[in-house]
Participant: 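This structure is in structure tokens; I'll ask about it shortly.
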Amino acid sequence: MPIKVVRRRELTIWEKLYLPQILGGLKITTVHFLRNLSLHAAHSLGLLKHLSAAVTFQYPEQPRPLAVRFRGRHRLTVRDDGTPRCVGCMLCETVCPAKCITIIAGEHPDPNVEKYPIRFDIDLGVCVYCGYCVEVCPEDAIRMDTGILDVAAFSRDQMKLDIHELMDPALRKPIGPADCHLTFPHECRPSGEQLKGDWIRAPLTP
Ligand code: SF4
Ligand code: SF4
């Protein structure tokens, strides 16, 4: 099969200066600047309200409103007695394409609830925010409606959420033993205990 040689066209001196591109970019920026400036001035006088002008959000001091369907940081929903709704069925762990969910299930004392999570970890450094875990859950036990999107951290370990952070989205790292308010038996990383809490203090669901 014959080889077709395609020679790259030499740039002209005018093109080598990149001036047309720079001037073109400046023109676009100036047009947008003047348009927004005049529209904001007109809006302040009650004119041209039907034409929208660009708005700058001073993030993070002024967070941008999120859409209702926005998928943010996860949380585990709780029953009336403060225990997780999760029944440890492992569907979310199985469906997760990033394999970033780790659950250890324990036996629940209520015969109507088969299991519950002793441990529930999500590695946000690996999560792709697909939302499959939320969709697959048969108990509405996991949601991504916290509206939390600033999940940056200084280390990979800090990106890992455990059951404490998942049940209380207001908790932020570093989490110490005093931050553990879970009353059911769970693997307690903040206090370093294998199992902390008991079902006697957490009344059973009716
Ligand atoms: S959002 Fe997707 S990737 Fe993240 S934990 Fe859920 S299933 Fe896994
Ligand atoms: S969060 Fe839902 S899907 Fe995941 S283990 Fe618990 S009950 Fe099952």
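Read the numbers this way: they start at 1 and go in the same order the structure lists the ligands and their atoms. Heavy-atom basis, side chains included; hydrogens, waters and symmetry copies ignored.
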Participant: Describe, in one word, how the ring planes of His108 and Trp199 are oriented to each other, choosing from parallel (under 30°), tilted (30 to 60°) and perpendicular (over 60°).
Facilitator: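 Rings of His108 and Trp199: tilted, 30 to 60°.
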
Participant: Report yes if some heavy atom in the side chain of Phe120 is under 4.5 Å from a heavy atom in the side chain of Leu76; otherwise report no.
Facilitator: yes

Participant: Scan side-chain atoms only and decide if Ser155 and Asp157 contain a donor-acceptor pair under the 3.5 Å cut-off.
Facilitator: no

Participant: For ligand 2, which atoms, with element, lie under 4.0 Å from some heavy atom of Cys89?
Facilitator: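 Checking each atom against Cys89, I get 3 (S), 5 (S), 7 (S), 8 (Fe).
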
Participant: Under 4.0 Å from a heavy atom of Met90: which atoms of ligand 2 are those, numbered in the order shown and with their elements?
Facilitator: 5 (S), 8 (Fe)

Participant: Numbering the atoms of ligand 2 from 1, which are under 4.0 Å from a heavy atom of Ile103?
Facilitator: 5 (S)

Participant: Which protein residues have a heavy atom under 4.0 Å from ligand 1?
Facilitator: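 Residues within 4.0 Å of ligand 1: His74, Cys96, Pro97, Ala98, Cys100, Ile101, Cys127, Val128, Tyr129, Cys130, Gly131, Tyr132, Cys133, Met144.
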
Participant: Kindly indicate whether the side chain of Asp179, heavy atoms from C-beta on, has any atom under 4.5 Å from the side chain of Asp168.
Facilitator: no

Participant: Sequence neighbours left out, what passes side chain to side chain donor-acceptor pair (under 3.5 Å) with Arg189? Give chain and number order.
Facilitator: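 Per chain and number, Arg189 pairs via side chain to side chain donor-acceptor pair (under 3.5 Å) with no residue.
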
Participant: Check each of Glu193, Gln194, His164 against His186 using the side-chain hydrogen bond (donor to acceptor under 3.5 Å, both in side chains) test, and report the only one that passes.
Facilitator: His164

Participant: Any idea which heavy atoms bring Val113 and Arg79 closest together, and the distance?
Facilitator: CG1-NH2, 3.8 Å

